[in-house]
Amino acid sequence: MKPKSKKIISIILTFCIIISLVSVTGINANATIINEALVGKTGGTSGDYQYEVDEDGYARIEYYSGTDTNLVIPSTIDGYTVKYLGWEYYFNESITRTPITSVTIPDTVTEIGPGCFEYQRKLTTVNIPNSVKFIGENAFMECENLIDVTIPDGVEVIENEAFKGCKKITSVNIPDSVTDIGYNAFYDCNLNYVVLGKNVTEWGSGAFGGVKAIYVPKGTNKSFASVRRTYGGTIYYEGSEEEWMNTYTNIYKDDFEVHFNCSLENPAGFSTVVFNDFKLDLTYEKGNIQSGEIVLQEGTYEF
């Protein structure tokens, strides 16, 4: 073979090797591959955050290694919009081992992944924006100091045990956007009451385990009938007895203690009033608060 031909072949082989290396390592100008979970995908670190980017160009924040206890999740990272929180490859792996006390989630996020904040026992407040559609399994499990979580309009799925063991959550309002609530989703939460959304079609066993009362709006999806198998407390219905019987033909009022024509805006019976060192918990259906005065009607009140 002539020397010139050998030189041409050598150049071609070198070029092919370079192309194959670029393809295999997934080199990207904006990020660096840092572990096996990111092989074949764009990902890297930015400050205290580890992340990956999906094929649509959205970032998933997988880990926070910083020490700030008031965690503020960024809406963009290295120019990528943050759409997901939590590990994709490791089920129920917390996003951080730092004992955080609060977390603010940007309105770019649509998914809070499985186990994302589980066992964050010092976590007291979380801001979940309306953009979130999916709250994963065990996402906030055993966050025992988490108080008064608001499930925003937009959430569609609350997976199994998402808030299990959040003992300071005493009430939950389920928006109409929610269609699926997993088993034990709010189990062991010391729930006084739940205000149910209209469109829940899937109930997991023990979804509101131990709740004292469920408030049901008129027009609630008929699959509410399945609650009879997982719940034995009191029901407060927005409509009349006739409307109840016409809607839930397979739920007889004798299955539960059912109250009719109840307001859903300010659920009766579980308001808390604090005045100086005096605390009053109204735990009866007729309890009410009007113009700063406590109006007590016939019933039993616990102090």
Side-chain angles (χ1 to χ4, degrees), residues 135 140-151 155 158 160-176 178 181-198 200 202-218 220-221 223-241 244 247-248 251-274 278-290 294-303:
I135 300 177
F140 295 94
M141 187 177 74
E142 299 295 338
C143 292
E144 58 189 26
N145 282 299
L146 190 59
I147 302 172
D148 295 331
V149 168
T150 298
I151 307 298
V155 171
I158 302 172
N160 303 333
E161 301 182 339
F163 294 93
K164 179 183 177 182
C166 296
K167 299 180 184 300
K168 290 192 176 181
I169 296 179
T170 59
S171 65
V172 175
N173 285 267
I174 303 297
D176 291 344
V178 173
I181 302 175
Y183 70 81
N184 291 344
F186 293 91
Y187 181 79
D188 195 21
C189 284
N190 292 323
L191 289 174
N192 284 326
Y193 68 84
V194 169
V195 179
L196 192 66
K198 293 182 178 180
V200 177
E202 296 292 335
W203 290 76
S205 175
F208 302 111
V211 67
K212 297 175 183 176
I214 291 183
Y215 283 75
V216 182
K218 290 191 293 185
T220 300
N221 191 290
S223 70
F224 171 71
S226 66
V227 78
R228 67 184 298 184
R229 296 191 296 272
T230 61
Y231 171 70
T234 303
I235 291 177
Y236 296 86
Y237 182 58
E238 185 180 30
S240 65
E241 182 174 359
W244 171 272
T247 303
Y248 307 112
I251 301 184
Y252 303 101
K253 66 178 182 177
D254 293 338
D255 290 341
F256 306 96
E257 180 183 349
V258 181
H259 300 262
F260 304 102
N261 301 310
C262 299
S263 170
L264 303 182
E265 292 183 1
N266 186 19
F270 301 104
S271 300
T272 298
V273 183
V274 178
F278 177 76
K279 179 177 179 180
L280 172 64
D281 290 323
L282 305 181
T283 57
Y284 184 74
E285 176 192 0
K286 299 297 184 180
N288 193 14
I289 301 173
Q290 297 177 351
I294 303 170
V295 180
L296 301 182
Q297 299 184 30
E298 182 180 359
T300 300
Y301 301 89
E302 297 177 0
F303 295 88

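Atoms OH and CG, on Tyr237 and Asn261 in that order, are 9.5 Å from each other to the nearest 0.5 Å. With values rounded to the nearest 0.5 angstrom, Asn190 atom CG is found 8.5 Å from Thr170 atom OG1.
Put simply, the side chain of Ser171 reaches to within 4.5 Å of the side chain of Tyr193, judged on heavy atoms. When side chains are defined from C-beta on, Leu191 counts as touching Phe186, because their heavy atoms get closer than 4.5 Å.
In this structure, Gly165 and Cys189 approach most closely via the heavy-atom pair N-SG, 4.3 Å. For the residue pair Glu238 and Pro217, the shortest heavy atom distance occurs at OE1-CA, 3.4 Å. Looking at every heavy atom in both residues, Ile151 comes nearest to Ile135 through CD1-CD1, 4.3 Å. Annotation for Thr220 and Gly197: closest pair CG2-O, 3.8 Å, computed over non-hydrogen atoms.
Remark: the backbone N or O of Lys167 is not paired with any side-chain donor or acceptor of Glu144 at under 3.5 angstrom. When atom types are taken as modelled, the side chain of Asp176 and the backbone of Lys198 share a donor-acceptor pair closer than 3.5 angstrom.
Ring orientation note: the planes of Trp203 and Phe208 are nearly perpendicular, at an angle over 60° on the 30°/60° scale. Taking the six-membered ring where the residue is Trp, Phe163 and Phe140 present parallel rings, their angle staying beneath 30° rather than reaching 60°. The aromatic rings of His259 and Tyr236 sit parallel, their planes meeting at an angle under 30°, below the 60° perpendicular limit.
No more than 12 heavy atoms of other residues, nucleotides or ligands sit less than 6.0 Å from atom OH of Tyr187.
Scored by the side chain to side chain donor-acceptor pair (under 3.5 Å) test, Asn145 finds Lys168 as partners (sequence neighbours excluded). A search for side chain to side chain donor-acceptor pair (under 3.5 Å) contacts involving Asn160 returns nothing, not counting sequence neighbours.
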